[in-house]
Amino acid sequence: MTDDSRTRTRQGPVGAALKRRQVFVEAIRSRLWPVPAAAVLLAVLAGIGMPELDAAVDDRLPPTVAGYLFGGGADAAREVLSAIAGSLITVTSLTFSLTLVTLQLASSQYSPRLLRTFAADRVVQRTLGLFLATFVYALTVLRTVRSDTDDSAFVPQLAVTTAYLLAVISVLALVLFLGHLVRQIRVEAVLEQVRADTCETAARLLPADRQDRPTLPVPPPSPHYVEAASSGFLVELDEHALLAAAEQAEAVVWVSRPVGSPVLAGTPVASWWSLRPQPPAEDEARRLCERVRGALRTGSERTAVQDIGYGLRQLTDVVVRALSPGINDPTTAVHGLVSCTAVLGDLLDLRLGPYPLCDEHGRVRVVLARPTFAELLDLVCTQPRLYGADDPAVLDALLSMLRELAWKTTTAQQRAAITDQLGRLREHIPGHGTATRGHFDELIRQVGDALEGRWQTS
């Protein structure tokens with residue numbers, strides 16, 4: 001039994017719970033409303049509780065503390081709270097407008113698939129939450145202020161002072177938010193965020209590449225098929241549920257679609273075959289199909305939780321959009337290819353391709369389809385090669401990427417993938433002038449040298 005299978009078997013339930021938590025956190029993190037909604041709820045509770053605290057400690061505070069609290073009457077308290085509530089709802093509207101403009105810019109200038117990344121920005125979520133919470137808190141406290149004409153006058157000094165402090169903090173947050181927003185719309189920041197998220201996802205999902213890979217089982221000529229329950233993208237799979245279902249049925253389950261691939265309802269997404277000598281009963285076969293189908297979840301859009309190729313798709317979209325005639329920004333395309341190179345360089349050290357899950361005895365029970373290095377490299381190279389064939393800077397960046405990846409390769413499959421892309425790229429070079437062609441010939445030679453372990457320093 002390999003170390004990977006031992007770890008997966010021993011930590012299966014814990015790992016499954018952790019993955020479900022990560023999926024839930026990603027679902028919350030990638031939406032704008034949860035953090036502001038939670039802040040509004042806390043503000044309502046604080047707006048109810050602070051006046052109660054004021055009433056409980058009334059005239060009991062030390063003079064040194066009371067001197068820093070709000071000292072005006074009921075009318076002054078109403079004016080302060082009304083001013084805070086009115087100004088904060090205006091600032092909140094401005095913040096929402098700026099956020100929407102940023103999302104529109106990201107969609108049109110970079111890629112629509114980056115909207116999820118911008119919506120998951122914690123600074124934006126927390127700033128909106130702070131503004132809305134201050135507004136709701138001021139309104140909630142305002143209802144408790146009673147003047148001298150009422151039966152019993154009451155001015156919640158602690159609550160009004162807290163509203164003042166929240167307003168000051170909101171002003172500081174607005175300044176920081178504007179600075180953060182300016183930075184976030186820079187393409188370098190966008191690319192770095194996507195690169196970091198993609199590398200984090202790969203490091204979490206993929207083990208280090210070792211030579212002791214379990215031998216994959218050979219599917220029989222006629223396995224049983226599991227059809228997709230709904231159309232969309234395969235966004236999540238429950239590894240522990242798949243392994244438990246295969247063990248209970250004494251079968252091998254092969255998931256043929258990697259996470260992130262489109263699926264059509266009623267078409268096969270997985271197959272299985274029994275390890276028993278006799279064929280399984282009809283009820284048992286149907287139950288296994290239902291359990292496998294339930295472990296695969298589809299959605300309307302791809303997410304980065306379990307989708308290894310999604311980040312590279314985002315980065316490549318930025319490259320392709322920059323090469324479009326309407327934008328014509330090859331420098332951004334080159335920056336995008338540099339980020340792709342960094343991601344692919346990290347993936348070279350991780351186990352890509354079909355991934356087996358073993359039971360406690362080290363027998364392969366589940367095989368998960370995952371993209372190979374050749375598929376991910378083709379994803380990065382194909383469209384930039386087609387749309388940037390007339391731009392020397394883009395071709396130079398592609399050849400430099402292949403050279404750097406060639407130096408880091410560790411397997412024959414990785415070297416074959418780079419050699420294949422080098423051959424395709426060579427076909428797009430003859431249209432350039434003699435001097436440019438000579439430069440590209442030199443880069444092609446350097447890629448070949450890197451594949452053989454030689455690096456030219458000058």
Side-chain angles (χ1 to χ4, degrees), residues 2-5 7-8 11 15-16 18-23 25-27 29-30 111 113-114 116-117 120 190-213 233-240 255 257-261 297 299 301-319 336-357 366-382 401-402 404-411 413-415 417-418 421:
T2 64
D3 293 339
D4 291 335
S5 62
T7 302
R8 185 169 299 278
Q11 300 179 352
L18 180 60
K19 286 184 172 61
R20 285 192 292 268
R21 178 179 176 274
Q22 290 168 341
V23 171
V25 170
E26 171 65 19
R29 190 176 70 91
S30 60
S111 169
R113 274 153 292 281
L114 289 175
R116 195 179 186 93
T117 301
V190 174
L191 296 174
E192 174 59 24
Q193 181 64 45
V194 176
R195 184 206 64 79
D197 291 344
T198 305
C199 292
E200 179 184 354
T201 299
R204 173 168 46 83
L205 293 177
L206 303 176
D209 193 14
R210 300 190 183 98
Q211 300 300 322
D212 56 347
R213 296 190 179 192
F233 292 95
L234 182 60
V235 297
E236 177 193 350
L237 54 84
D238 190 335
E239 297 181 6
H240 178 67
V255 181
R257 304 286 187 93
V259 174
S261 59
R297 188 173 70 86
E301 60 177 339
R302 298 171 66 177
T303 68
V305 180
Q306 296 184 6
D307 193 344
I308 300 169
Y310 184 52
L312 288 173
R313 176 73 274 168
Q314 291 176 303
L315 294 174
T316 306
D317 282 351
V318 174
V319 174
L337 290 174
V338 170
S339 298
C340 291
T341 304
V343 174
L344 290 171
D346 287 348
L347 292 177
L348 284 172
D349 300 325
L350 302 176
R351 180 182 299 180
L352 293 168
Y355 187 69
L357 303 179
V366 178
V367 179
L368 305 177
R370 285 180 176 170
T372 63
F373 176 77
E375 293 171 343
L376 296 177
L377 183 62
D378 186 69
L379 168 65
V380 171
C381 292
T382 298
M401 177 180 66
L402 293 180
E404 292 170 359
L405 294 176
W407 179 258
K408 291 190 62 177
T409 55
T410 57
T411 66
Q413 291 82 0
Q414 294 171 354
R415 288 188 286 271
I418 293 176
Q421 292 298 329

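Hydrogens, waters and symmetry mates play no part in the numbers below; they use all other heavy atoms, side chains included.
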Identified side-chain contact (heavy atoms from CB on, under 4.5 Å) counterpart of R297 within the set V259, V235, L237, L234: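 Of all the options given, the one that passes is V235.
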In chain order, what residues pass the side-chain contact (heavy atoms from CB on, under 4.5 Å) check against [X], with sequence neighbours excluded?
X: V318; value: Y110, L114, V187, L191, T332
X: A202; value: L206, L347, L350
X: F373; value: L344, L348, L352, L377, L405, Q414, A417, I418

If you take all heavy atoms of [X] and [Y], which pair is closest and at what distance?
X: L312; Y: T316; value: O-OG1, 2.7 Å
X: T372; Y: G353; value: CG2-CA, 3.8 Å
X: R302; Y: G260; value: NE-O, 3.4 Å
X: G309; Y: L379; value: O-CD2, 3.9 Å
X: D346; Y: C199; value: OD2-SG, 3.1 Å
X: V194; Y: G311; value: CG1-O, 3.6 Å

Using side chain to side chain donor-acceptor pair (under 3.5 Å) as the criterion, list what pairs up with [X], not counting sequence neighbours.
X: E375; value: none
X: D197; value: Q193
X: E301; value: R116
X: S111; value: D317

Straight-line distance of T303 OG1 to R113 CZ, nearest 0.5 Å: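 Between atom OG1 of T303 and atom CZ of R113 there are 14.0 Å.
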Side chain [X], main chain [Y], donor-acceptor under 3.5 Å:
X: Q306; Y: E236; result: no
X: R204; Y: V305; result: yes
X: T409; Y: A406; result: yes

Residues which pass salt bridge (charged side-chain N to carboxylate O under 4.0 Å, His left out) with R195, listed by chain and number, not counting sequence neighbours: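 So R195 forms a salt bridge (charged side-chain N to carboxylate O under 4.0 Å, His left out) with E192.
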Row check, Y355 ring normal vs R370 NZ/CZ: under 6.0 Å, within 45°: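 Output yes; distance and angle both within limits.
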Contact check, side chains of L368 and E239, non-hydrogen atoms, under 4.5 Å: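 Of all side-chain heavy-atom pairs linking E239 with L368, at least one is under 4.5 Å.
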